[in-house]
Amino acid sequence: MFENLVEVLKQNPRKIVYTEGTDPRILEAAARLKADGFLTPILVGNVEAVQKAAADGGFDIEGLEIIDPETYEGFDEMVAKMVELRKGKMTEEECRAALSKSNYFGTMLVKMGKADSLLGGATYSTADTVRPALQLIKTKPGASLVSSCFILSRGDEMIAMGDCAINISYEDTLDKATGEVKQTAADKLAEVGRETALTAQKFGIDPKVAFLSYSTKGSGKGPGPDLARNACAKCKEMLPDIPVDGEMQFDAAVSPEVGQLKFPGSPVAGYANTFIFPEIQSGNIGYKIAQRLGGFAAYGPILQGLNAPINDLSRGCNAEEVYTMSIITAAMA
């Protein structure tokens, strides 16, 4: 998988900005990427502090760009752009204060074309990485929400799982004035299915998408199966050229014998490699079971639905994870 992504980056030089430039895990990964030469890191932070942290850790970052929000020449221009983007929701003073923080500053570097992608979260929370992205990068055309996907690999086997990190649950969105449904929960879950399938394709997976439930083809009743079934129907319309089916239980999704018995004739049942969970709790549990008991390496969360690649690290990450997520993030640009 990574050989293919590196080839993409070699053919399309890209820059990735790190919001936590003094973190030793970031610096180790940045030094390694500098040596590799196929991706250009940009470090956000006080120049002297970043250089000292690199020297203390023995990391060679000589020649890498380090940008300090406090001394950045284009800071006033950045503030003006953020005021425009926030459209009255934030004053100039509020934007200036926000941009003094590296998460907002790094996101604006991407928005203004100074970098192609961003990786943060080594010390920031997921919310502190996603919030600036939603406010400044915003969702891409045709997308109404941000979701996430994990790519899992074991030998030559690769699968995708979504959403395991962002959307806690799915409810109808109502018009505040009229109370009418503006977007159904099924619309939202269907969008997660579409974006996860498209992400899977970028990593060389030929997606066969299963909407998971405790029910297979109507065997169980309740709001959970209804949501998965309705979302599946909508996702099929979104992805006419990709096999999509559901609702189905996990055994029906992965075992041909069980799948074709419970869901005869389904192009997905028994052969699924892209799994859509009905809410975050089952998704988070599911990918970690695959990781810890199934021996899969898990890469993510990969954020989906944004206008530019912005990804979030776990605060418990190591330098190897920063390195691999850097490649994944930049290759999505």
Side-chain angles (χ1 to χ4, degrees), residues 1-6 8-9 12 14 16-19 29 33 39 103 106-107 110 115-122 124-134 137-140 142-143 145-154 157-168 188-189 191-207 209 239 242 273-277 280 283-284 286-288 290-291 296-318 320-333:
M1 178 178 76
F2 284 98
E3 289 178 2
N4 293 335
L5 297 180
V6 167
V8 169
L9 294 174
N12 300 278
R14 290 164 187 171
I16 184 167
V17 59
Y18 298 100
T19 55
L33 288 167
L39 178 59
N103 57 336
T107 304
V110 176
D116 302 294
S117 56
L118 177 147
L119 187 60
Y124 281 112
S125 69
T126 296
D128 285 335
T129 300
V130 174
R131 188 183 305 109
L134 282 172
I137 301 297
K138 303 185 179 180
T139 53
K140 66 184 182 181
L145 76 166
V146 175
S147 62
S148 73
C149 168
F150 278 84
I151 299 295
L152 294 98
S153 67
R154 183 177 63 186
E157 185 179 4
M158 291 177 61
I159 59 177
M161 291 184 172
D163 174 358
C164 307
I166 299 295
N167 294 287
I168 293 174
K188 297 175 183 179
L189 186 57
E191 188 176 314
V192 172
R194 179 191 67 195
E195 294 301 316
T196 303
L198 297 178
T199 298
Q201 286 183 325
K202 292 181 179 180
F203 289 90
I205 298 171
D206 184 13
V209 184
L239 300 172
I242 292 176
N273 56 19
T274 303
F275 305 95
I276 309 305
F277 291 89
I280 193 173
N284 193 270
Y287 99 80
K288 288 184 177 178
Q291 181 184 31
F296 281 86
Y299 302 100
I302 300 164
L303 300 188
Q304 307 173 145
L306 290 166
N307 263 318
I310 308 286
N311 275 326
D312 178 48
L313 294 162
S314 164
R315 279 173 283 182
C317 67
N318 57 40
E320 177 65 22
E321 290 168 322
V322 177
Y323 178 82
T324 55
M325 279 302 296
S326 299
I327 295 172
I328 288 170
T329 303
M332 300 290 286

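The figures here come from the full heavy-atom set of this structure, side chains too, leaving out hydrogens, waters and symmetry mates.
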Notebook entry, point to check: Where do Ile151 and Ile205 land on the side chain to side chain contact (heavy atoms under 4.5 Å, CB included) test, with the steps shown first?
Noted result: CA-CA 10 Å; Ile151 299 295; Ile205 298 171; 4.2 Å; yes

Note to self: Go through it in stages, so that I can follow the logic: the residues are Glu321 and Asn318, the test is side chain to side chain contact (heavy atoms under 4.5 Å, CB included), and I'd like the CA-CA distance, side-chain angles, deciding distance and then a yes or no.
What the structure shows: CA-CA 5 Å; Glu321 290 168 322; Asn318 57 40; 3.3 Å; yes

Next item on the list: Quick one: do Leu198 and Gln201 satisfy side chain to side chain contact (heavy atoms under 4.5 Å, CB included)? Show the steps, please.
Entry: CA-CA 5 Å; Leu198 297 178; Gln201 286 183 325; 3.6 Å; yes

Notebook entry, point to check: Given the rule in the side chain to side chain contact (heavy atoms under 4.5 Å, CB included) test, do Leu152 and Arg154 qualify, once you have shown the distances and angles that lead to the verdict?
Noted result: CA-CA 7 Å; Leu152 294 98; Arg154 183 177 63 186; over 6 Å; no

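Heavy atoms only, all atoms of each residue included: Val192 and Gly162 are closest at CG1-C, 4.1 Å. A pairwise comparison of heavy atoms in Gly142 and Arg194 identifies O-NH2, 2.9 Å as the closest pair. Annotation for Thr129 and Gly120: closest pair OG1-C, 3.9 Å, computed over non-hydrogen atoms. Ala308 and Ile137 make their closest contact through N-CG2, 3.4 Å (heavy atoms, listed as atom of the first residue, atom of the second, distance). Closest approach of Lys140 to Asn307, counting heavy atoms only: CA-OD1, 3.2 Å. Taking all atoms of both residues into account, the shortest heavy-atom contact from Ala200 to Ala160 is CB-CB, 4.0 Å.
For the pair Ser148 (side chain) and Ala165 (backbone), a donor-acceptor distance under 3.5 Å is present. Within the 3.5 Å criterion, the main-chain N or O of Val8 finds a donor-acceptor partner in the side chain of Asn12. The main-chain N or O of Val146 is found under 3.5 Å from a side-chain atom of Asn167 such that the two form a donor-acceptor pair. Between the side chain of Asn273 and the backbone N or O of Met158, no donor-acceptor pair lies under 3.5 Å. Panel note: side chain Arg14, backbone Ala330; a donor-acceptor pair is recorded below 3.5 Å.
For the residue pair Asp163/Ser147, the side-chain donor-acceptor check at 3.5 Å is not satisfied. A side-chain donor from one of Thr199 and Gln304 sits under 3.5 Å from a side-chain acceptor of the other.
Note: Phe296 and Phe150 fail the aromatic proximity criterion, with ring centroids not under 6.0 Å apart.
Considering OG1 of Thr19 and CG of Asn103, their distance stands at 6.5 Å, rounded to 0.5 Å. Rounded to the nearest 0.5 Å, atoms CG (Leu33) and CD1 (Ile16) are 7.5 Å apart. Considering OG1 of Thr329 and CG of Leu5, their distance stands at 10.5 Å, rounded to 0.5 Å. One finds the CD1 atom of Ile328 at 8.0 Å from the CG atom of Asn311 (value rounded to the nearest 0.5 Å). Interatomic distance, Met161 CE to Ile302 CD1, rounded to the nearest 0.5 Å: 13.0 Å. Here Tyr299 contributes atom OH and Ser153 contributes atom OG; the two are 4.5 Å apart, rounded to the nearest 0.5 Å.
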